[in-house]
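Working notes for the structure below.
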Amino acid sequence: MMGFGLWRLFTAAILLFNGLCSSEKAPSYTFMHQATSAPGLSYYDYIIVGGGTAGCPLAATLSQNSTVLLLERGGSPYGNPNITNLDAFGVALSDVSPSSPSQRFISEDGVISARARVLGGGSCLNAGFYSRAAPQYVHDAGWDGVLVNESYSWVEKKVAFEPPMRQWQSAVRNGLLEAHVKPYNGFTYDHLIGTKVGGTIFDVEGHRHTAADLLEYANPNGLTVLLHASVHRILFRIKGKDRPTAHGVVFRDETGIKHRAYLKNGPKNEIIVSSGALGSPQILMLSGIGPKEHLKAHNISVVLDLPLVGQGMSDNPMNAIFVPSPNPVEVSLIQVVGITKYGSYIEAASGANFASGTLHRDFGMFSPKIGQLSTVPPKQRTPEALAKAIDAMEQLEPAAFRGGFILEKIMGPISTGNLFLRNKNPNENPSVTFNYFKETQDLQRCVDGIKIIENVIESKSFSEFRYDYLSLPVLLNMTANAPVNLLPKHANASISLEQFCKDTVMTIWHYHGGCQVGRVVDTDYRVLGVDALRVIDGSTFNYSPGTNPQATVMMLGRYMGVRMLRERLEGQ
């Protein structure tokens with residue numbers, strides 16, 4: 001007997017909201033203002049473009065003995081329960097309004113994704129997992145290990161917590177151990193082969209803590225944060241200079257009024273771009289730094305021909321299997337991870353059955369609007385179709401909302417793509433291609449990861465959370481038949497795991513590249529061939545660190561802020 005139907009089980013599996021939690025109280029940031037209040041002309045020691053996961057810790061650190069301007073194109077995360085509350089995960093991601101903290105984009109590969117548009121960046125939208133980079137990653141990056149550890153600790157005091165381990169996550173953990181993803185490393189922030197419980201940026205009450213909270217460390221007399229400040233280009237001095245020298249930025253407030261901010265005179269004063277993997281290469285190109293012919297095609301004056309800006313774009317592909325549960329499951333995001341020896345990371349999330357008619361009228365990762373695991377094909381997501389789908393989902397029996405999914409993400413990845421401008425509007429998305437599974441090793445890692453997931457689902461530890469009559473091929477077909485992306489489907493997806501990986505590829509929002517070390521910036525994150533300009537964020541990564549990069553991106557903001565402060569002191 002199939003009960004209320006496999007498809008309905010699948011479509012409504014995770015209801016990750018209830019709207020009952022209060023939003024986190026906003027800190028009293030006296031330095032945070034709307035860009036409309038900014039003067040037409042201003043001067044600072046440092047100007048940071050992008051108040052995201054790296055920009056906030058960087059600004060807080062540099063403000064200790066310098067004047068810092070932090071320009072964020074989005075608004076404040078505080079007072080928004082769709083950001084703050086764990087139960088509302090997915091609501092912000094499914095919001096496609098112009099004021100949303102999440103800006104949707106679709107890669108040329110046909111995968112639906114999102115980029116942050118809010119103070120705190122991706123840490124305001126993600127599933128909250130907190131895990132450090134492996135020691136080998138730190139070594140390969142050439143970072144000072146002592147300062148790295150100090151910087152991680154600095155971040156963790158504000159935003160990292162041990163998650164509560166309840167039944168479903170515990171079953172996944174024990175299932176991973178049965179599947180021989182060993183040893184068991186317990187709760188740790190460290191990246192270790194085996195199974196572990198990682199950190200989370202959600203506290204015990206289910207409230208999210210973000211990179212914006214790191215601004216609590218700031219010297220309020222040294223920092224100015226402007227919200228809804230969209231940077232259009234970086235300004236350079238060229239005449240009489242051996243190399244172009246960054247000396248200011250042009251930004252517009254939300255009414256469209258233009259403002260200019262310049263660096264004060266001083267040999268250590270700099271502009272730092274921290275706009276993320278899509279935003280940083282985009283703003284460099286809009287400012288005249290990038291592939292010469294591409295810039296000319298958009299009538300952008302070339303400041304410096306730097307062909308590798310926008311190259312080396314990567315996104316760690318995610319593939320998931322949804323598992324309907326005969327028993328209630330807790331609301332949980334990523335808490336457990338299985339770190340395999342061959343380069344696949346196994347993680348899981350679960351939902352709970354809430355009553356219909358909720359305040360949000362949304363369905364988390366299964367929202368018809370969000371793209372991830374939706375039942376409404378992307379090209380058919382009209383307002384009328386979305387409303388109809390949500391109404392239908394709200395009529396389902398409570399049992400339809402029980403279940404969760406187990407996912408795998410591959411390390412790296414090895415496959416890379418590129419990013420190009422579509423136009424000269426900094427508020428619109430550039431064109432980006434990630435070339436998922438272009439390299440066979442990436443595809444093999446996905447296949448190996450799916451096999452581990454299958455072993456977890458069939459483990460004794462997980463038995464109470466799966467229906468006996470739902471075979472693995474059925475579970476695979478349920479996922480493979482969902483319109484999770486714009487890619488064509490194949491009938492053999494549940495037979496060929498390679499095809500399953502290709503057909504069901506999604507993002508886990510860990511894209512990086514475009515301004516990589518050794519190609520666009522040097523090991524001190526200075527843009528090659530330019531003075532007084534750095535890029536400090538995930539766009540500089542050649543490889544995604546750990547199982548989730550946010551800890552390392554926040555660490556990097558602090559790490560480089562400390563190093564830059566030291567450089568300033570040494571130069572006095």
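The figures here come from the full heavy-atom set of this structure, side chains too, leaving out hydrogens, waters and symmetry mates.
Side-chain contact of Thr479 with Thr504: a donor-acceptor pair under 3.5 Å is absent, judged by distance alone. Asn174 and Glu178 share no donor-acceptor pair across their side chains, judged by distance under 3.5 Å alone. A donor atom on one side chain and an acceptor atom on the other are not found under 3.5 Å apart for Glu439 and Ser415. A donor-acceptor contact closer than 3.5 angstrom links the side chains of Asp109 and Ser107. A side-chain N or O of Tyr152 and one of Thr552 form a donor-acceptor pair less than 3.5 Å apart. Counted by atom type alone, Lys158 and His209 present zero donor-acceptor pairs between their side chains at under 3.5 Å. Using a 3.5 Å distance cut-off with no hydrogens or angles, the side chains of Tyr436 and Asp315 do pair a donor with an acceptor. Looking at Gln64 and Tyr217, their side chains never bring a donor and an acceptor atom within 3.5 Å of each other.
Aromatic rings from His191 and Tyr345 are positioned such that their centres are separated by under 6.0 Å.
Proximity of a side-chain donor or acceptor of Arg173 to a complementary backbone N or O of Thr195 within less than 3.5 Å is not detected. Within the 3.5 Å criterion, the main-chain N or O of Ile414 finds a donor-acceptor partner in the side chain of Asp442.
The two atoms that bring Ser461 and Gly175 nearest to each other are CB-N, 3.7 Å, heavy atoms only.
Ring geometry for Tyr189 versus Phe187: interplanar angle over 60°, hence perpendicular rather than tilted (30 to 60°).
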*Please assess Asp190 against Lys196 for the test salt bridge (Lys or Arg N to Asp or Glu O under 4.0 Å), listing each intermediate value before the final yes or no.*
CA-CA 9 Å; Asp190 293 335; Lys196 74 166 189 173; over 6 Å; no
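Using a 4.5 Å cut-off on side-chain heavy atoms (C-beta onward), Val521 and Gln516 make no contact.
The line from OG of Ser544 to NZ of Lys409 is 4.0 Å long, rounded to the nearest 0.5 Å.
A salt bridge links Asp524 with Arg563: the closest approach of a Lys/Arg side-chain nitrogen to an acidic carboxylate oxygen falls below 4.0 angstrom. Using a cut-off of 4.0 Å between Lys/Arg side-chain N and Asp/Glu carboxylate O, Glu156 and Arg132 are scored as salt-bridged.
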